[in-house]
Amino acid sequence: MSTVIDRVSGRGYNHRVEMKSEPKPGILFTRQEIETTVRRLAAEISQDYPGKHPLLVGILKGSFMFMADLIRLLDFPLEVEFINLSSYGRGRESSGRVKVVQGLRTQVKGRHVLVIEDIVDTGLTTAFLLDYLRKRKPASLRLCTLTDKPSRRQVPVAIDYLGFTVPDKFIVGYGLDRDEEFRNLPDICTLKDE
Ligand code: PRP
């Protein structure tokens with residue numbers, strides 16, 4: 001059955017989308033909480049990187065919104081690069097295989113590299129990328145993730161800068177999708193009727 005969801009958050013945000021099932025996004029972290037957390041992360045990063053001209057590597061697609069907000073709060077020279085990795089395809093469970101959809105176009109050898117991720121779930125995506133980057137001999141390599149879901153971890157991942165720890169629920173919004181939907185929600189939401 002097809003259902004139209006309208007005014008999902010009740011906070012003045014209109015989202016209108018045709019859904020095959022009937023998931024109703026409920027807010028887990030508000031846009032204000034996200035902003036506060038991104039400011040905190042930017043402050044932490046700002047203690048460590050000025051003068052190092054770091055290369056921030058965002059993992060597409062999920063990290064694009066976080067990256068955009070984060071770098072506007074970093075008041076020192078840096079470079080931005082993206083790599084497009086995918087392991088979920090159109091499903092909700094990781095396929096277990098990480099695909100490089102589009103690789104890096106910047107040399108990382110000798111650079112101070114900071115990976116920017118939206119979520120560490122099983123850890124397969126970030127573990128893959130950290131290994132991929134480490135082989136290219138950066139001067140330093142760290143990970144900043146907005147959210148972490150440790151209950152689902154399959155491989156260990158060391159997180160240097162962490163925004164939120166999230167419960168074992170599928171989350172969407174602020175760049176995160178379910179079957180490519182919901183990335184544009186300004187809050188981080190769970191899909192309540194799962
Ligand atoms: C999502 C998310 C992370 C990854 C985390 O990406 O953006 O990159 O999964 O999951 P993991 O820790 O289990 O590997 P996805 O493959 O869905 O692609 P997308 O970013 O384009 O949505």
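One-based numbering, in listed order, for ligands and for the atoms of each. Treat the numbers as computed from the prediction; the structure is a model and nothing was measured.
- Using a 4.0 Å cut-off to heavy atoms of Ser87, the atoms of ligand 1 that qualify are 14 (O), 16 (O).
- Taking each of Val98, Asp148, Leu129, Asp118 in turn, the one with a heavy atom nearest to atom 7 (O) of ligand 1 proves to be Asp118.
- Of the residues Leu85, Leu129, Thr126, the one that meets the side-chain contact (heavy atoms from CB on, under 4.5 Å) test with Val98 is Leu85.
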Exercise for review: Mind running salt bridge (charged side-chain N to carboxylate O under 4.0 Å, His left out) on Arg153 and Asp121 for me, showing each step along the way?
Suggested key: CA-CA 6 Å; Arg153 197 72 92 252; Asp121 189 304; over 6 Å; no
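- Under a 4.0 Å criterion applied to the non-hydrogen atoms of Glu117, ligand 1 contributes the atoms 3 (C), 8 (O).
- Contact between Met67 and Glu81 at its shortest, heavy atoms only, is CE-O, 4.0 Å.
- The two atoms that bring Glu117 and Leu143 nearest to each other are CB-CD1, 4.2 Å, heavy atoms only.
- Considering backbone and side-chain atoms together, Asp177 places an N or O closer than 3.5 Å to an N or O of ligand 1.
- Residues Arg178 and Leu191 are in side-chain contact: their nearest non-hydrogen atoms beyond the backbone lie under 4.5 Å apart.
- Taking any N or O of Lys61, backbone or side chain, at least one lies under 3.5 Å from an N or O belonging to ligand 1.
- A donor-acceptor pair under 3.5 Å is absent between the side-chain atoms of Lys135 and the main chain of Asp131, judged by distance alone.
- Not one N or O of Val120 is nearer than 3.5 Å to an N or O of ligand 1, by distance alone.
- When heavy-atom distances to ligand 1 are checked against a 4.0 Å cut-off, Ile119 comes that close through both its backbone and its side chain.
- The heavy-atom pair separating Pro54 from Pro77 by the smallest distance is CD-O, 3.5 Å.
- Leu56 pairs with exactly one of Leu74, Ile45, Val115 by the side-chain contact (heavy atoms from CB on, under 4.5 Å) rule, that one being Leu74.
- Residue contacts with ligand 1: Arg183 is included, with a non-hydrogen atom under 4.0 Å away.
- Counting heavy atoms from C-beta outward, Phe29 and Ile171 have side chains that stay 4.5 Å or more apart.
- Taking a cut-off of under 4.0 Å to the non-hydrogen atoms of Leu60, the atoms of ligand 1 that pass are 20 (O), 21 (O).
- Ligand-side atoms of ligand 1 in range of Gly123: 11 (P), 12 (O), 13 (O), range being under 4.0 angstrom from any heavy atom.
- Annotation for ligand 1: atoms under 4.0 Å from non-hydrogen atoms of Thr122 are 11 (P), 12 (O), 13 (O), 14 (O).
- At under 3.5 Å, a nitrogen or oxygen of Gly62, whether backbone or side chain, sits near a nitrogen or oxygen of ligand 1.
- Atoms of ligand 1 found under 4.0 Å from any heavy atom of Ser86 (numbered from 1 in listed order, with element): 16 (O).
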